[in-house]
Participant: 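Once you've had a glance at the structure underneath, I'll fire off some questions.
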Amino acid sequence: MALAKAAGKPPRAVAELLVAGLEHGAAFSTPEIAGPGFLNFRFSEEWLADRLSEMSRDERLLVAPVGSPRRLVIDFSSPNVAKPMHVGHLRSTILGDALSRLFRFLGHEVITDNHLGDWGTQFGMLLYGYKNMRDDEAFRLDPVRELARLYVAVRQQFRADEDDDQASDPVQDACRAEVAKLHAGDPENMELWRSFMPACLEEIDRVYRRLDVRFDHVLGESFYQPMLATVAAGLSSSGIAEESHGAQVVFFGENEPPALVRKRDGAFTYATSDLAAIAWRLEKFNPTDILYVVDSRQALHFKQIFEVARRWGKTSARLTHVAFGSVLGEDRKPIKTRDGKAGATLEQLLDEAVRLAGETFDSHGDEDDASIPGADRAAIAEAVGIGAVKYADLSQNRVSDYVFSWDKMLAMDGNTAAYMQYAYARCRSILRKAGVSTESLSRSVPKVLIGQPAERALAIHLLRLGEALHAAAADFRPHVLTAYLWDLSKAYSAFFQSCPVLKAPDPLSRDSRLVLCDLVSRTIRTVLGLLGIRVVERM
RNA sequence: GCACCCGUAGCUCAACUGGAUAGAGCAUUGGUCUUCGGAACCAACGGUUGGGGGUUCGAAUCCCUCCGGGUGUACCA
C-alpha cells in the first residue's frame, strides 16, 4: 500500500500485479489479496518444519549476530551512594541491565558504566552529619547503617519549606560548605570521604549481586572531578560558555533556560561532569553510541548537554537519553525518599518479594515431589520473587509512569514472570519424563510435523523470536520482549491443551512435539535471560 | 509564563511507528475438571481511543485548536 502511493494506483491493483509477478518456491502458497490491499501468505508445513529443525540445532535459535556491530556505552543505575538504594533506582538498573544483555546477544559490543553519585551535595550532608551528630560505636559496627541514619537526621534539620529559596538555611549552608571544602581538596574531608566509600560501595554491590547486575566500569563523579576545570576552560575559550551573573553558563534558544557549567561560588555542576564523561568516553572507548538510562525528569538536562557536546565538537557517537517514567506509589504520587520516611530500601523490597514468592510456592508448588530440598526451595523463591519485581517493571512501556504495586507485581496470573517460569517448568517436566534433553534432541533432531492448528501457531511464533529481539532493541523497549513471551506462552498453552506430548497418538508426533517443547523452553529461558530473569526447573 | 511527556474497556496496560473488525491481564459472569504440572484452559461482558477540526484510499498514531493530568524550568545531582 505504500507502493500504491508512489505508483499512483489503487492498492488492490498493485497487489494483483505483485501476486502475478511473484515467483514462489515451497515456502508458502500463492498469496491472497485481502481488505484494502493486504497480501496474506501461508507458510507450507514443510517449510515451517525445516526451519524448526534448523532452530533446534542452533544454539542461538536462528538469531544471527548483527553484521555490523555497534559499540555502545550504556550508562545506567547511577545511584547516589551516600544513602541506601531504594525503589527509585530500580527502573534504571533493571532497564539498563536488560538493554545491555539484549544488545550483547544481538552481537553488539556493550560497555556498561555505573556513573555513581559520589561527589555531590549529599556527601556534604554526610560530612556535616558525621562531624556533628555521629555515634562512633554505631559507625564502627555498621558504617552503612550509621551513614544512612546521619543522612536522614541531617535532612530533617533542613527547613521545611524548600520552595522558599530566598531564605538561607544554616544547616544546608553548612553542608554546602563541607562539599566545597571537599572539592577544594581539604585533607580532613578527603580522608573522611575515602573512609566512607568502601562501606557505600559494599552496600550497593550487595544489591547488584542479588539483582544479578554487573558493570564493566564504575566511574563515579569523583573520577571526572580532576578534569572539570579543563572542560570548563575549554568551553569558555571556544566561546561556547560565557559569564553571566558571576557564573559560567551556556545559552540556548530564546525560551530555553541556560545550562550552568560553573556556579558563582566556583563549584562545578553535574552538567560539567557529564560533559567531562562524554569527552573521556569518546576518547577511551570510541563508541558509536552512548545511552543514558535515566528517568525522564532529566530530559532537559540531557538535551542541553547533548547540544553542548555537539557545539564542542564531540560528535563521533550518537548520544541517546533512554528516558523512563517515574515510580509512583499506589496513591499515584511519586515515591519520595528525600525525607527518609519512605521506609523500604531496595533490599527490604526484594526480601519481601522473595518471601511472598516462597509462600506461594509452599501453597501451590510441586507437591508430588517432596524431595526438593530447602536450599532449592529458597533458590526457587529467590528466582521467582526477584523475577516478579523485574518483570513487572520491564513489561511496561518505559515512557509511562510506573505504579509500584505489590499485588500486581507478585500476582502469579497473567503476564508475569511467574507465569513464564511456570510455562518453562512445565516444558522441562515433560522433557524430563520423556528422558530427552536439548543435547540429545539436537544431536539428531526428530522430524518435525506441523499438523494441528495449535502446532502451526506455536511454530510461527517460535520463528518470530529474532523479529521481537530486533524490534525491542530498535527502540530500547524491553516490553516488546515480554509481549513476545506472553504471546508465546499463550500459544504454548493452547498447544499443551490440544496436543498431548507424552501421550501422543504415535511415536512420530510424540518426538515432533518433544522438539517443540524443547524449543519453547529454550526460547523462554533465552528471552527471560535477556531480561535478567532466571528460570527454574521446578516450581 | 515557557518547554517536554501523557490522556485508549470499571482498573493496570498493548497496538510491530499510517494499515484489516483497536487487543491483553486483572475484575465481573458462565463453562471445562479422574493434572503428559490446576500457579491451568475455554467463552461472554465491556470502546464515539479526552472534545472538535484537518491531511488521504485509510488516523489511537501525523498537523491545528481547546479540555484535563504529570514533569522540568540559573547556582541540588
Side-chain angles (χ1 to χ4, degrees), chain A residues 1-2 4-5 10-12 34-38 40 78 80 117 119-122 124 162 165 172 175-176 179 221 244-249 253-271 273-274 295-301 303 323 325-326 328 332-334 338 360-361 363-369 384 395-397 399-401 403 405 407-408 411-416 418-419 421-423 425-430 433-434 464 467-468 470-471 474-475 479-480 482-483 486-487 490 493-494 496-504 510 513 517 538-539:
Chain A
M1 285 175 284
K5 191 161 269 179
R12 281 194 73 102
F38 292 97
N40 289 332
S78 311
N80 197 303
W119 198 248
T121 310
Q122 320 231 17
E162 50 186 292
D165 51 3
Q172 225 164 329
C175 292
R176 283 204 198 94
V179 166
E221 292 169 326
S244 171
H245 293 77
Q248 186 186 346
V249 305
E254 187 77 357
N255 284 330
E256 312 248 359
L260 253 81
V261 172
R262 188 168 206 166
K263 298 188 282 188
R264 196 164 42 208
D265 65 4
F268 299 106
T269 68
Y270 76 138
S273 70
D274 275 343
D295 88 82
S296 7
R297 283 175 292 199
Q298 306 291 332
L300 178 61
H301 166 70
K303 189 183 168 201
S326 307
L328 308 180
R332 302 229 55 160
K333 293 193 172 151
R338 309 172 68 179
T360 311
F361 177 79
S363 54
H364 297 280
D366 191 350
E367 287 169 28
D368 64 313
D369 196 334
V384 173
S395 60
Q396 182 163 332
N397 189 332
V399 301
S400 40
D401 286 345
V403 179
S405 154
D407 290 345
K408 186 183 168 191
M412 299 294 164
D413 309 317
N415 188 6
T416 63
Y419 185 90
Q421 288 165 324
Y422 179 64
R426 286 163 108 189
C427 285
R428 298 294 295 168
S429 176
I430 290 172
K433 284 178 181 157
R464 299 187 71 176
E467 183 186 334
H470 284 106
D475 293 320
H479 87 274
V480 172
T482 63
W486 174 235
D487 288 340
K490 278 189 292 188
S493 286
F496 184 82
Q497 194 71 14
S498 60
C499 302
V501 180
L502 297 179
K503 296 176 184 167
R510 177 179 184 272
R513 288 170 184 177
C517 286
R538 302 172 184 192
M539 61 187 283

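In this text the structure is predicted, and so the values were computed from the model without any measurement. Each chain gets a letter, A, B and so on, in the order its sequence line appears, and its residues count up from 1.
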Participant: Please work out if A/His479 contacts a base, only the sugar-phosphate, or nothing of the nucleic acid, heavy-atom cut-off 4.0 Å.
Facilitator: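 Since only primed, P, OP1 and OP2 atoms lie under 4.0 Å of A/His479, the category is sugar-phosphate.
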Participant: Report the distance from atom CD of A/Glu256 to atom P of B/G1, rounded to the nearest whole Å.
Facilitator: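 In whole Å, B/G1 P and A/Glu256 CD are 18 Å from each other.
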Participant: I'd like the C1' distance from B/C33 over to B/A43, given in whole Å.
Facilitator: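 Per the computed distance, 16 Å lies between those C1' atoms.
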Participant: Could you work out the separation of B/G18 and B/C67 based on their C1' atoms and round it to a whole Å?
Facilitator: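 Their C1' atoms lie roughly 26 Å apart.
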Participant: Quick check on B/G38: is either OP1 or OP2 less than 4.0 Å from any side-chain nitrogen or oxygen of A/Arg426?
Facilitator: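 Yes, within the criterion.
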Participant: B/C76 phosphate, OP1 or OP2: any side-chain N/O from A/Lys263 under 4.0 angstrom?
Facilitator: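 Checking A/Lys263 against B/C76: at least one side-chain N or O falls below 4.0 Å of OP1 or OP2.
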Participant: With rounding to whole Å, what would you report as the distance between B/A27 and B/C13 at their C1' atoms?
Facilitator: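 Rounded to whole Å, the distance is 14 Å.
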Participant: It should be established whether A/Ser429 places a side-chain nitrogen or oxygen under 4.0 Å from OP1 or OP2 of nucleotide B/U35.
Facilitator: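 No, A/Ser429 has no side-chain N/O under 4.0 Å of OP1/OP2 on B/U35.
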Participant: For B/U8, give the paired nucleotide (Watson-Crick: N1-N3 plus N6-O4 or O6-N4; G-U: N1-O2 and O6-N3; both under 3.5 Å), or none.
Facilitator: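 B/U8 is paired with nothing.
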Participant: Looking at every non-hydrogen atom in both residues, tell me the closest pair between A/His245 and A/Arg264 and how far apart they are.
Facilitator: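 Result for this residue pair: O-CD, 3.5 Å.
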Participant: In terms of ring plane angle, is the pair A/His301 and A/Tyr270 parallel, tilted or perpendicular, where the classes change at 30° and 60°?
Facilitator: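 Because their plane-to-plane angle is under 30°, the rings of A/His301 and A/Tyr270 count as parallel.
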Participant: Should A/Tyr419 be counted as stacked on B/A39, where stacking needs a ring-centre gap under 5.5 Å and an angle between planes under 30 degrees?
Facilitator: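 Here the ring of A/Tyr419 and the base of B/A39 are not stacked, as the 5.5 Å and 30° limits are not both satisfied.
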Participant: Which part of the nucleic acid, if any, lies within reach of A/Leu260 when heavy atoms closer than 4.0 Å are counted: base, sugar-phosphate only, or nothing?
Facilitator: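 Touches a base.
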Participant: Which heavy atom of A/Cys517 sits nearest a heavy atom of A/Val501, and at what distance?
Facilitator: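 Scanning both residues, the minimum pair turns out to be SG-CG2, 3.9 Å.
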Participant: To the side chain of A/Ser400, which of B/C36, B/C13, B/C16 is closest?
Facilitator: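 Among B/C36, B/C13, B/C16, the one nearest the side chain of A/Ser400 is B/C13.
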Participant: A/Thr482 side chain to A/His479 main-chain N or O, any donor-acceptor pair under 3.5 Å?
Facilitator: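 Side chain of A/Thr482 to backbone of A/His479, a donor-acceptor pair under 3.5 Å: yes, one is there.
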Participant: Within the structure, does a side-chain N or O atom of A/Asn397 lie under 4.0 Å from either OP1 or OP2 of B/A14?
Facilitator: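 Yes, such a contact exists.
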Participant: Does B/A14 pair with anything, Watson-Crick or G-U wobble, both distances under 3.5 Å, and if so, with which nucleotide?
Facilitator: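 When the pairing criteria are applied, nothing turns out to pair with B/A14, so the answer is none.
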Participant: Using atom CG of A/Asp487 as one end and atom C1' of B/A24 as the other, report the distance to the nearest whole Å.
Facilitator: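 After rounding, the gap between these two atoms is 9 Å.
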Participant: What contact category does A/Gln421 fall into here, base, sugar-phosphate, or nothing, at under 4.0 angstrom with non-hydrogen atoms?
Facilitator: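 Nothing, no nucleic acid heavy atom in range.
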Participant: Which pair of heavy atoms, one from A/Asp401 and one from A/Gly325, lies closest together, and at what distance?
Facilitator: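 Of all heavy-atom pairs spanning A/Asp401 and A/Gly325, the closest is OD1-CA, 3.4 Å.
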Participant: Return yes if the base of B/A20 and the side-chain atoms of A/Asn40 contain a donor-acceptor N/O pair under 3.5 Å, otherwise no.
Facilitator: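 Such a pair exists between side chain and base.
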Participant: How many whole angstroms separate atom OH of A/Tyr422 from atom P of B/C36?
Facilitator: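 It is 10 Å, rounded to the nearest whole Å.
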Participant: Counting side-chain heavy atoms from CB outward, which of B/G25, B/C41, B/U71 is closest to A/Ser493?
Facilitator: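 Nearest listed nucleotide: B/C41.
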Participant: Ignoring hydrogens and geometry beyond distance, is the side chain of A/Asp401 in donor-acceptor contact with the base of B/U71 at under 3.5 Å?
Facilitator: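 Absent.
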Participant: Applying the Watson-Crick and G-U wobble criteria at under 3.5 Å, what pairs with B/G72? Answer none if nothing qualifies.
Facilitator: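 The answer is B/C2, by the H-bond criterion.
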Participant: Has A/Phe496 got its ring stacked on B/C41, by the test of a centre gap below 5.5 Å and a plane angle below 30°?
Facilitator: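 Stacking is absent between B/C41 and A/Phe496, given that the ring centres and planes do not meet under 5.5 Å and under 30°.
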Participant: Would you say B/A74 has OP1 or OP2 under 4.0 Å from some side-chain N or O of A/Arg264?
Facilitator: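 So the side chain of A/Arg264 is outside the cut-off, no N or O lying under 4.0 Å from OP1 or OP2 of B/A74.
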Participant: Quick one: label A/Trp119 by what it contacts on the DNA or RNA (base, sugar-phosphate, nothing), any heavy atom closer than 4.0 Å.
Facilitator: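 The answer is nothing, as A/Trp119 stays clear of every strand by at least 4.0 Å.
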